[in-house]
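These notes are about the structure you will find just below.
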Amino acid sequence: MNIMNLLNAMPGAVAQGLIWGIMAIGVYITYRVLDISDLTVDGSITTGGAVCIMMMLAGFPAWAAMLGALAAGMLAGLVTGLLHTAMGIPALLAGILTQLSLYSINLRIMQKSNQSISVDKYDLLISLRYITEAILICAVLVVVIIAVLYWFFGTSLGCSVRATGANPNMSRAQGINVNMTKIIGLMCANGLVALSGALLSQYNGFADVKMGIGAIVIGLAAVIIGDVVFGKIFTNFAAKLLAVVFGAIIYYAVLQVVFWFGLNSDYLKLLTAVIVAVFLALPYWKAKYFSKPVKRGNEHAGN
Amino acid sequence: MLEIKSVYKTFNAGTVNEKRAINGIDLKLEDGDFVTVIGGNGAGKSTLLNLIAGVYPVDEGSIRLNNIDLTHLPEHKRAKYLGRVFQDPMMGTAATMGIEENLALAYRRGLFRGLGGGISNKERELYREKLATLGLGLENRMTSKVGLLSGGQRQALTLLMATLKKPNLLLLDEHTAALDPKTADKVLQLTDEIVARDKLTTVMITHNMKNAIQYGNRLIMMDSGRVVVDIKGEEKKHLTVRDLLEKFNIESDRLLLSE
């Protein structure tokens, strides 16, 4: 129980939090903005990692490999979107179908279940060997991504994506093609998720076909922790995205603390699920057991 | 001009729940007509409006507006020509978005939505002006989330959104039914003012016979998916609730006998 061990682990937690924060922003776009629970992400994060590592092994520079990952993720989002809109499959199931097919596709991309890349031989953008550098680069990326998304969701097109999630009936009545806006949202989200996968595989020095298992839960954890901790003070859209990234960092910091207390790391996924369950339950319990009676009219405003 | 020609619509065809909602409707509205629609539950009033709006397709028949064939256009493409206000105040606005953002969505109805910038200052001025006409003080709360507004305020805002870009046809589906009587009157007055000012062709469903008589220049009554009473011109002007009740009884008796 040496406190130094914990402190030494913290920079790694921050780096991982930033990388997963990008993934969580993608989850935020589907879960919060579009009001869709998109399970594609478990597959598309791996796709991002796989495409990135394979492109770099084939001699492409890191930036090109990451653009490739971004494009592959958007393609995955497009598939889920088409399954949902053109084929009328419920969004949750459409995501599961894409996720499952991506498992095969990811295996084909990597040709085996695990591909590693050496930071000594390849010019990786980030690596866990240089954590300070990784934190700086990821922080800059996070800022750029939030700025671009803030701009996009302020444009006419971006507003129509937000309106689709807020009220699809009203959106159609105002002439918004909600099928198209859903696809756009899913493509943005999965593009970001794959980009995060590309960063993650560089950071770890490998891509693994199983690296995406439970990714959606980690993303949700970040979104919900960010919301619970910063929801009251961060009201601006960009600030809310930042809260999601902070949520991811808090999540990894908490994990480090728990492991520092000596919990077996086999419990990682269980712990994640418990964290998400508790944080999801908090607002519900709060409303049910600790709220003063308020005007009923506003309570249904979100419907 | 709206032309509805022998439109039929059956829900759950071929099942025990089969329901013929619209049973051969022919209806022609002149430009500037303000039609009130009454009828019992299940008469097909809302279905008719939803068929015009394209919420679901017609089984048979055609719907044309100003010589544009709407029959096979998807809902979001018809929106270019239509303004709609729903019964549920929650349905016409996006609760999690600001008042001006909602108006901006409505202002771009029928236009291409690209990566162009957000709301310009000139637009904001226009919204402020239009909101002031509602007399609800919303012009000073432009960035407030719509979810914070009352049902009446939201309905007034929806009405404004439906008419912000002059629609070829305004569809009002019992838009005051969920409001308290005082607010309902206020929203109805607003509706009348806007319709008169912009000379909008309007179809308004209502359950209130008094309102149906008071507003508009034409009244139709629906029953079992058909138009059973159609009163316009001078006759509409001098119509009373009593006349209407008599008509209603006669019509339903006749229908009962004919079946």
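Just so it is clear: chains get the letters A, B, ... in the order the sequence lines come, proteins before strands, and each one is counted from 1. What you see below is based on every heavy atom in this structure, not just the backbone, and it leaves out hydrogens, waters and symmetry mates.
Heavy-atom contacts from other residues, nucleotides or ligands closer than 6.0 Å to OH of B:Tyr215 number more than 12. The local environment of CZ in A:Phe152 is crowded, with over 12 non-hydrogen atoms from other residues, nucleotides or ligands closer than 6.0 Å.
Checking B:Arg108 against A:Ser156 by side-chain atom types alone, a donor-acceptor pair falls below 3.5 Å.
Shown here are the salt bridge (Lys or Arg N to Asp or Glu O under 4.0 Å) partners of B:Arg128, two or more places apart in sequence or in another chain: B:Glu125.
For B:Phe112, no part lies near chain A; criterion is any non-hydrogen pair under 4.5 Å. Using a 4.5 Å cut-off between heavy atoms, B:Ala106 touches chain A through backbone and side chain atoms alike. Only the side chain of B:Glu101 has a heavy atom closer than 4.5 Å to any heavy atom of chain A.
Put simply, the side chain of B:Arg113 reaches to within 4.5 Å of the side chain of A:Gln174, judged on heavy atoms. Using a 4.5 Å heavy-atom threshold, the side chains of B:His76 and A:Val178 count as separate.
The two residues A:Ala173 and B:Ala79 have their closest heavy-atom pair at O-CB, 3.3 Å.
To the nearest 0.5 Å, atoms CD (B:Glu75) and CG (A:Asn169) are separated by 7.0 Å.
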Chi angles and distances behind the side chain to side chain contact (heavy atoms under 4.5 Å, CB included) call for A:Met170, B:Met97: CA-CA 12 Å; A:Met170 168 265 201; B:Met97 298 174 80; 5.9 Å; no

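Without hydrogens or angle criteria, A:Asn167 side chain to B:Met91 main chain gives a donor-acceptor distance under 3.5 Å.
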